There are 2 protein chains.
Amino acid sequence: MSTVRIAGVGLIPFGSYGDRAGRELFAAAALAAFEDAGVEREAVDQLNYGNFMGALTEHQGHQAPLMAEAAGLSCPAITYEEACASSGAAIREAVRTIRSGEAEVILAGGMERMTTLDTGEATAALAIAADELYEVRGGVTFPSAYALMARAYFETFGGDREDLAHIAVKNHKNGAANPHAQFRKEISLERALDSPPVATPLSLYDACPISDGASAVLLVSEAFADDHDLDAPVSITGTGQGGDRLALQDRETMAETPATAAAAKEAYADAGITADDVDFAEVHDCFTIAEVMAIESLGLVEPGEGITAAREGRTTADGEIPINLSGGLKAKGHPVGASGGSQIAEVTHLLRGDHPNSDAVEDTTVGLTHSAGGTVGSAVVTVLEVEQ
Amino acid sequence: MSTVRIAGVGLIPFGSYGDRAGRELFAAAALAAFEDAGVEREAVDQLNYGNFMGALTEHQGHQAPLMAEAAGLSCPAITYEEACASSGAAIREAVRTIRSGEAEVILAGGMERMTTLDTGEATAALAIAADELYEVRGGVTFPSAYALMARAYFETFGGDREDLAHIAVKNHKNGAANPHAQFRKEISLERALDSPPVATPLSLYDACPISDGASAVLLVSEAFADDHDLDAPVSITGTGQGGDRLALQDRETMAETPATAAAAKEAYADAGITADDVDFAEVHDCFTIAEVMAIESLGLVEPGEGITAAREGRTTADGEIPINLSGGLKAKGHPVGASGGSQIAEVTHLLRGDHPNSDAVEDTTVGLTHSAGGTVGSAVVTVLEVEQ
């Protein structure tokens, strides 16, 4: 299977953008990607765009043609909505379209404005990623859903709040060096443990923030990269997607995430690698417990080992398999529709050696991204590799 | 380029479904498609699903995995959002994915619940397909936007309200025989002309209704159809997509729809045909004036001739090129996310000879569908052909 090259990536710092329109944010990320790539806008065949809650936060649907216009493009544009995995799905489909030969150059990414709502409103809006009939009407929001998953995990494999706090400490430490991170400060274990409860056993520092942000990735065929003599050492060599029942109550277990395992199995086979070949990963840590389940379902650690991996230093920057060197959703921020693209951009920088945390992965060749929707009712996994 | 076979199609009558959940509607359409196809659910590799305004009408996003579950599927599922062209885009991407060899069987379609809102609320919700900053805040809704387009058309090419009324009469006549149509009654020219004004020059019978509905199309590779000895005489032989500025004010003209022309050009080239080869079409007549611009931009009539085509009997069931034999969005109804898939299902029935209006297209081989988003900021065109 032919690979797809990453010609350039573009990010804006995640955070709060006041009254700026979402189109401005995506335009800025796209501009950065074009500057990084050295590719003309006229070469773009298609825009694959991810957005989740624009109908609620900006009263704006039909965003793809609007974002194409904002990015200076004149090409067909498609919006992908897969909850928190929206731009992960948009990028996976872009890879498949380029491989098929139907396009040579696709701009893919996403955007989310969230701070137009207050925290309560945003939490209610995010809940549309859960099952409205069988979860939301019963009072489930995402903090409570992940709290249920954490309790199920603790009952199945053991672990406690302090194990989770070590993940928050690790991700904040990683994010402190990242110019695109919403939170650029380290936190102490005590501070994480003393933070106010949100939904027991999860407290404030177990949760990612409400964020505005955008991401853009310029994907090209190998032939295009060669013909245009592009400096594009990083390729996407594998993708996979998995699905599950949307409502937690309909699943066999709440302590594991089979959609992630299915996506990883497909992505590894697609890339011709195994989990053992992965050197580092950006995973979907909307809550600290989500990182635990992600690295287990991805096969990066054994079942039951994810909970202590940060505490034991296995997933820290100097550990055997660094996780979320960007800061993760936890510290970098989680503008829902932008997060999947942001992960791809961060891994690209890390593999190219031009990321503030690149030293942690020097001489490595395989990075992975994992993007999940809702309580992992959907998951997208992408394998990235760099030429030596 | 290999073709993609339509193994089966499923529709439910469009209309008002009271308090039934959207998932029930899509499950019913999917069930009908599986029964029509004689294919097992286990064979499905992927669900491509279109929905536009579920966040506003059912407070439900992340619908694709939910609909997969409702349809009895265990496979990855993706939501496509392209405003009123959402399932048109979902089906186009399904065709491209099957052609690439990455999937053999894809269920594609869409669903929309709209009658959960009253007419005023639904009109406001639909407006998220327009440019919120530069159109909606200025008071533009879709009836007024299409009224502006009608005025621009009249100034450029001539025409009047009576010409438009002939289109409404034609589509109601076609819809009267369709068991899936929301309005199954003929109307007189006088009744159309006497209907109350909505946005001058458009009146009530120039507008499609607010609808609930779902559609499902089971697409398979030629190899799968052959291996399983399927009775699947209709193929999708070409697709195309075009885009335009979202806001009317940013376009060079409001009297033409270049996104449709671009989509048609690509679809015709893809299928290896010209507009002259098209025997009949389902086009996006959210308002009567939209049908006029569609058939001109598709090249089915010359520029300026679309306005009188219905009056002159060129586009009636017994005319040279029947348009909207299903009743169109005007009489069949327009559950936004379902409409593109509905058009494909209707053309499939017409080409197979098992549609109440099949007599009108006996011995023809090429049907076309045209699905548009907003004021044609995006457009998807699909060419269908039947084996003789």
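What you are looking at is a predicted structure, and each value in this text was computed from that prediction instead of being measured. A, B, ... follow the sequence lines: proteins, then strands. Residue 1 opens every chain.
Heavy-atom distances place no part of B/Ala85 under 4.5 Å from chain A, backbone and side chain included. The parts of A/Glu82 that come within reach of chain B are both its backbone and its side chain, each placing non-hydrogen atoms under 4.5 angstrom from that chain. At a 4.5 Å heavy-atom cutoff, B/Ser74 makes no contact with chain A through either its backbone or its side chain. Only the backbone of A/Ala77 comes within contact range of chain B, judged by heavy atoms closer than 4.5 Å. Looking at B/Tyr49, there are no atoms closer than 4.5 Å to chain A (heavy atoms on both sides), in backbone or side chain. In this structure, no portion of A/Ser86 lies under 4.5 Å from any heavy atom of chain B. Interface residue A/Glu93: only side-chain heavy atoms are found under 4.5 Å from chain B. The contact between B/Gln60 and chain A is made by backbone and side chain atoms together, counting heavy-atom distances below 4.5 Å.
A salt bridge links A/Asp131 to B/Arg23: at least one charged side-chain nitrogen sits closer than 4.0 Å to a carboxylate oxygen. A salt bridge does not link A/Asp270 to A/Arg92: none of the charged nitrogens lies less than 4.0 Å from a carboxylate oxygen. Taking the charged nitrogens against the carboxylate oxygens, A/Arg99 and B/Glu102 do have a contact shorter than 4.0 Å, which makes a salt bridge.
In this structure, B/Leu47 and B/Phe26 have side chains that are in contact, with non-hydrogen atoms separated by less than 4.5 Å. Looking only at side-chain heavy atoms (C-beta outward), A/Leu246 and A/Thr375 stay at 4.5 Å or farther from each other. Two residues are said to be in side-chain contact when any heavy atoms from C-beta on lie closer than 4.5 Å; A/Tyr17 and A/Leu25 meet this criterion.
For the residue pair B/Thr257/B/Ser297, the side-chain donor-acceptor check at 3.5 Å is satisfied. With hydrogens and angles left out, the side-chain atoms of B/Arg113 and B/Thr115 include a donor and acceptor closer than 3.5 Å.
Ranked by heavy-atom pairs under 4.5 Å with chain A, the first of B/Gln46, B/Glu58, B/Glu81, B/Glu132 is B/Glu81. For the set B/Gln241, B/Gln63, B/Glu266, the count of heavy-atom pairs under 4.5 angstrom toward chain A peaks at B/Gln241. Comparing B/Ala262, B/Pro76, B/Ala247 by how many heavy-atom pairs each has under 4.5 Å with chain A, the most go to B/Pro76. With chain A as the partner, the residue from B/Leu56, B/Asp244, B/Asn51 showing the most heavy-atom pairs under 4.5 Å is B/Leu56. Ranked by non-hydrogen atom pairs under 4.5 Å with chain B, the options A/Ala379, A/Gly243, A/Gly373 are led by A/Gly373. Across B/Glu69, B/Arg245, B/His62, B/Arg96, the residue that shares the most heavy-atom pairs under 4.5 angstrom with chain A is B/His62. The candidate with the highest count of non-hydrogen atom pairs below 4.5 Å against chain A, out of B/Ser100, B/Ala129, B/Ala68, is B/Ala129.
Formation of a donor-acceptor pair under 3.5 Å by the A/His370 side chain with backbone atoms of A/His284 is found in this model.
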Would you please test B/Glu104 and B/Ile98 for side-chain contact (heavy atoms from CB on, under 4.5 Å) and show each step? CA-CA 6 Å; B/Glu104 280 199 306; B/Ile98 291 173; over 6 Å; no
